[in-house]
Amino acid sequence: LITASHLGPTPSWLTEGLAEYFEMMQVAGQGAAIYPNLAHIKLLRTTPLPSLQNYLAIDGTDWYGEDRGRNYAMAWSLINFLMAGAPGKYALQDTMQLAHQNFCKPFSAAVALGKAYPGGIRQLEMDWRKWLASGNYQIQQI
């Protein structure tokens with residue numbers, strides 16, 4: 001709801017990924033920590049995953065179909081991965097700024113993300129899959 005009010009219609013992977021990411025936040029004083037989603041990690045490690053290109057192209061109708069659990073887990077993992085380091089944060093920031101600039105206009109967040117991430121979608125997929133396989137899911141301080 002918050003994403004839609006600030007960015008307009010966005011793809012489910014972005015909207016739900018941000019929601020799943022911030023769902024794991026625990027606030028303490030002036031700061032907060034984002035914890036890994038262990039249920040999503042378990043699902044991702046035991047489920048075949050589509051290519052990132054195909055995943056980012058899933059429309060709203062298919063999003064909530066039989067693979068919805070996987071879709072939510074992938075959305076969380078993609079946002080968590082992007083938020084784990086500067087290249088991903090900047091790519092996500094650029095994507096969200098473009099979404100805001102194109103509020104309620106035709107816009108592809110997947111294309112924007114590919115242009116913003118160093119090396120494009122192909123490099124993002126390699127880095128994201130390497131991160132998934134590493135098991136190195138850190139608590140993120142914000």
Side-chain angles (χ1 to χ4, degrees), residues 1-27 30-142:
L1 184 60
I2 294 169
T3 305
S5 70
H6 291 288
L7 303 179
T10 57
S12 297
W13 67 263
L14 180 57
T15 304
E16 299 300 347
L18 289 166
E20 293 289 305
Y21 177 77
F22 285 107
E23 184 177 284
M24 302 308 295
M25 182 170 64
Q26 292 184 12
V27 177
Q30 296 289 327
I34 308 285
Y35 287 83
N37 187 316
L38 301 179
H40 284 337
I41 292 166
K42 182 178 179 183
L43 179 66
L44 292 169
R45 295 188 136 216
T46 59
T47 303
L49 304 178
S51 73
L52 198 52
Q53 188 82 30
N54 288 341
Y55 173 73
L56 296 175
I58 295 172
D59 68 15
T61 305
D62 291 335
W63 178 270
Y64 300 102
E66 64 183 63
D67 292 323
R68 72 180 162 271
R70 181 210 62 197
N71 293 339
Y72 276 95
M74 284 183 70
W76 164 82
S77 72
L78 183 58
I79 299 299
N80 192 280
F81 169 74
L82 291 168
M83 292 296 289
K89 283 181 184 178
Y90 290 130
L92 186 57
Q93 178 183 11
D94 287 354
T95 302
M96 292 175 67
Q97 284 176 344
L98 283 170
H100 179 69
Q101 290 170 5
N102 289 285
F103 192 87
C104 294
K105 297 177 191 168
F107 169 75
S108 172
V111 170
L113 182 61
K115 287 181 180 177
Y117 191 84
I121 289 291
R122 182 172 285 143
Q123 186 64 50
L124 172 57
E125 179 159 10
M126 288 190 302
D127 295 346
W128 168 72
R129 286 186 184 271
K130 182 178 177 183
W131 172 80
L132 279 175
S134 77
N136 188 20
Y137 313 112
Q138 301 292 319
I139 297 169
Q140 297 177 9
Q141 303 294 324
I142 56 172

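The closest side-chain donor-acceptor pair between Asn80 and Gln140 falls under 3.5 angstrom.
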What do the steps show when you test Leu56 against Ile121 for side-chain contact (heavy atoms from CB on, under 4.5 Å), and what is the final call?
CA-CA 10 Å; Leu56 296 175; Ile121 289 291; 3.7 Å; yes
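Atom CD of Gln93 sits in a crowded spot, with more than 12 heavy atoms from other residues, nucleotides or ligands closer than 6.0 Å. Heavy atoms from other residues, nucleotides or ligands lying under 6.0 Å from OH of Tyr64 number more than 12. In Arg45, the CZ atom is crowded: over 12 heavy atoms of neighbouring residues, nucleotides or ligands sit closer than 6.0 Å.
Distance CZ/Arg122 to CG/Leu52: 12.0 Å, rounded to 0.5 Å. The distance from the CZ atom of Phe81 to the CG atom of Leu124 is 6.0 Å, given to the nearest 0.5 Å. Distance CD/Glu23 to CD1/Ile34: 10.5 Å, rounded to 0.5 Å. Note that CG of Leu49 is 7.0 Å distant from CZ of Arg70, once rounded to the nearest 0.5 Å. Met24 contributes atom CE, which lies 4.5 Å from atom CG of Asn37 (distance to the nearest 0.5 angstrom). For the atom pair Ser12 OG and Asn71 CG, the distance stands at 8.5 Å (nearest 0.5 Å).
Considering every non-hydrogen atom in both Gly17 and Ile79, the closest pair reads C-CG1, 3.5 Å. Closest approach of Gln141 and Ile139 over heavy atoms only: NE2-CG2, 3.6 Å. Across all their heavy atoms, Asp94 and Ala116 have their closest contact at CB-CB, 3.8 Å. In terms of heavy-atom proximity, Leu98 sits nearest to Phe107 at CB-CE1, 3.5 Å. Of all the heavy atoms in Leu113 and Leu92, the pair that sits closest is CD1-N, 4.5 Å. Residues Trp76 and His40 approach most closely at CB-CD2, 3.5 Å, considering heavy atoms.
Using bins of under 30°, 30° to 60° and over 60° for the plane-to-plane angle, the ring pair Tyr137/Trp131 lands in the perpendicular bin.
Here the side chains of Tyr117 and Leu82 are in contact, with some heavy-atom distance below 4.5 Å.
With sequence neighbours excluded, no residue forms a salt bridge (charged side-chain N to carboxylate O under 4.0 Å, His left out) with Glu16.
Sequence neighbours left out, the pairs with a member in residues 54-63 that pass side-chain hydrogen bond (donor to acceptor under 3.5 Å, both in side chains) are Ser51-Asn54.
A distance-only check finds no donor-acceptor pair linking the side chain of Thr47 to the backbone of Leu44 [under 3.5 Å]. A donor-acceptor pair is defined here as one N or O able to donate and one able to accept, closer than 3.5 Å; no such pair exists between the side chain of Arg129 and the backbone of Met126.
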